[in-house]
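One structure is given here, and the rest of the page talks about it.
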2 protein chains.
Amino acid sequence: MALAEAILVCLNEEDLSGYELAKRFDTSVGFFWKASHQQIYRELAVLKDKGWVAATTVEQEGKPNKHLFSIKREGRQHLKAWAIERSAPATHKDDFLLKLYAFDVIDLQAFAQELADRRLAHQARLALYEKILSKRYAAPKLTKAQTGRLLALRGGLSYERHWLAWCNESLSVVHEQLLAQRPAKA
Amino acid sequence: MALAEAILVCLNEEDLSGYELAKRFDTSVGFFWKASHQQIYRELAVLKDKGWVAATTVEQEGKPNKHLFSIKREGRQHLKAWAIERSAPATHKDDFLLKLYAFDVIDLQAFAQELADRRLAHQARLALYEKILSKRYAAPKLTKAQTGRLLALRGGLSYERHWLAWCNESLSVVHEQLLAQRPAKA
DNA sequence: ATGTCCATGTAATCCGTTACATGATTAT
DNA sequence: ATAATCATGTAACGGATTACATGGACAT
């Protein structure tokens, strides 16, 4: 389990509230780790119990108060120790690709539609990553922390390009299949 | 949840025991869906209760008996209905990539080692997929079911190539960092 | 002797998802 | 008016992981 560590790496950058953390898990860190706000609030309580993070309440006007969390020395030590250990192999779970294994059973029209939507989603993600690349990593000299995040971003860019290309190829294959199924029906 | 469907697509191909299914989840289907034998045995019991699969006991000599499972008409109907619905977005979880977000805190030597191991793993996977491609999909005319699995395989090939390239690039960046950290220490 | 493969399961625990709950502010 | 954003949580449930348990066959 690495939810704890995913939270700690965020707090290592800057102090954040549970709500703000939840937003990070929709974008940056969320590329490798998904988590809902409920999970995050629960985990923050655990981390506080362990003494890895500290909490302070920030009073705000016109908005609810925030509980700001910051990483403690113990938390940083834990991160270091965790990073030395071998990571568990990545888990992939994708229902959509599973459908390819039942290709002779499924409705190809619906599949093609979903594939087209995925293509758009990968395109959008790719555009977002390219924007981040040009806005945040254009400087000639990067800090160590930035170097790490740039490597992650490059992984993301390459990942999106690969799936985008795959979607394009696969769409043409599926369309061929659809034509072959109903020859000259118009 | 798509463990049920992951099992059903396997049984749609051929009858299998829980043990044999578990092995599929280490290779073919396992590319999109990971599951342990414990999960599989439990889920098979549920599927049998629902009437989507049937079980028969096969007596064997010198080996324990098998419980062979086969998909029923109701199971195939369920697969069809499931495939029309939109899939949940894929979940990615990778502790290793998370480490990139704590690049200024972690031990780069250990990270480089792990990265090198990942490179080898991607290389091995790629070689495996290339072998499957040439052995099983060399025929000029493929069945519909084969076409689906070929698309999945192409996804896998492209995926491994992309991560392999990323590992190579990243290794050189990490090695540069290591040299910069200890300038002329030999 | 030691380990891996075949083959199946139970039990406990932990993690993740869904649903419920509140309430003010700001934008359309 | 309606919806989205900010901000926090609880409760119930369901899914996934880890540990435990068994036992013969076969290879090194």
Side-chain angles (χ1 to χ4, degrees), chain A residues 1-8 10 15-27 29-30 32-50 53 55-69 85-95 98, chain B residues 1-7 10 15-27 29-30 32-50 53 55-69 86-95 98:
Chain A
M1 210 280 298
L3 175 56
E5 289 79 14
I7 290 173
L8 288 173
C10 291
D15 296 355
L16 294 165
S17 69
Y19 185 80
E20 287 162 340
L21 270 164
K23 279 195 296 180
R24 299 292 167 111
F25 280 85
D26 285 338
T27 56
V29 189
F32 324 111
W33 212 271
K34 287 272 167 231
S36 62
H37 76 274
Q38 293 91 336
Q39 271 180 282
I40 291 165
Y41 285 119
R42 190 168 42 177
E43 193 66 31
L44 279 170
V46 173
L47 293 176
K48 200 179 159 188
D49 257 28
K50 285 188 178 167
V53 302
T56 39
T57 301
V58 177
E59 310 235 340
Q60 297 186 128
E61 277 176 39
K63 289 179 187 180
N65 294 341
K66 281 204 243 199
H67 301 302
L68 255 197
F69 291 88
E85 280 170 36
R86 286 300 153 118
S87 298
T91 58
H92 322 92
K93 296 215 166 176
D94 197 333
D95 306 34
L98 210 51
Chain B
M1 211 280 297
L3 173 57
E5 289 80 14
I7 291 173
C10 291
D15 296 356
L16 294 165
S17 69
Y19 185 80
E20 289 163 339
L21 270 164
K23 279 195 297 180
R24 299 292 167 111
F25 280 86
D26 284 338
T27 55
V29 189
F32 324 112
W33 211 271
K34 288 272 167 233
S36 61
H37 76 273
Q38 294 90 337
Q39 273 179 282
I40 291 165
Y41 285 120
R42 189 169 44 175
E43 192 65 32
L44 280 170
V46 173
L47 293 176
K48 200 180 159 190
D49 258 27
K50 284 187 179 168
V53 302
T56 40
T57 301
V58 177
E59 309 235 342
Q60 297 186 127
E61 277 175 39
K63 290 179 187 179
N65 295 340
K66 280 202 243 198
H67 301 303
L68 256 197
F69 291 88
R86 286 299 153 119
S87 298
T91 57
H92 322 92
K93 296 216 168 176
D94 198 333
D95 305 36
L98 211 50

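Below, read A as the first sequence line, B as the second, and so on, with proteins coming before strands; counting in each chain starts at 1.
A:Leu16 is not listed as a side-chain neighbour of A:Ile7, based on a closest heavy-atom distance of 4.5 Å or more. Counting only heavy atoms from C-beta outward, the side chains of B:Leu98 and B:Asp94 never approach each other to under 4.5 Å. Side chains of B:Trp33 and A:Asp95 form a contact here, defined as non-hydrogen atoms less than 4.5 Å apart.
For C:dT8, the OP1/OP2 oxygens have a side-chain nitrogen or oxygen of B:Ser17 closer than 4.0 Å.
At whole-Å resolution of the value, NZ in B:Lys66 and P in C:dT8 are 8 Å apart. As a whole-Å value, the separation of B:Leu3 CG from C:dC15 C1' is 16 Å. Rounded to whole angstrom, the span from the NE2 atom of B:His67 across to the P atom of C:dT8 amounts to 6 Å. Nucleotide C:dC5 holds its P atom 15 Å from the CD atom of B:Glu20, rounded to whole Å. Note: CZ (A:Phe25) to P (C:dT17) measures 12 Å, nearest angstrom. Rounded to a whole Å, the CD atom of B:Glu59 is 14 Å from the C1' atom of C:dA7.
Legend: residues meeting side chain to side chain contact (heavy atoms under 4.5 Å, CB included) with B:Thr91, ordered by chain and number and at least two apart, are A:Lys93. Not counting sequence neighbours, A:Asp15 has no partner by the side chain to side chain donor-acceptor pair (under 3.5 Å) test. Residues that satisfy the ring pair (Phe, Tyr, Trp, His ring centres under 6.0 Å) test with A:Phe25, not counting sequence neighbours, are absent from this structure. Scanning for side chain to side chain donor-acceptor pair (under 3.5 Å) contacts around A:Gln38 gives A:Ser36, with sequence neighbours left out.
Minimum interatomic distance between B:Ala35 and B:Leu3 (heavy atoms only, all atoms of both residues): CB-CD1, 3.8 Å. Among all heavy-atom pairs drawn from A:Phe69 and A:Ala55, the shortest one is CE2-CB, 3.7 Å.
When each of B:Lys23 and B:Lys93 is assigned the nucleotide of DNA chain C with its nearest heavy atom, B:Lys23 is the one assigned upstream, toward the 5' end.
Here B:Gln60 lies in heavy-atom contact (under 4.0 Å) with sugar-phosphate atoms only. At a threshold of 4.0 angstrom between heavy atoms, the contacts of A:Gln38 include nucleobase atoms, whether or not backbone atoms are also involved.
In 5' to 3' order, the nucleotides of DNA chain D bounding all contacts with chain A (an atom under 4.0 Å from a heavy atom) are D:dT5 to D:dA16.
Heavy-atom distances under 4.0 Å link DNA chain D to A:Tyr41 of residues 39-48 of chain A, given in residue order.
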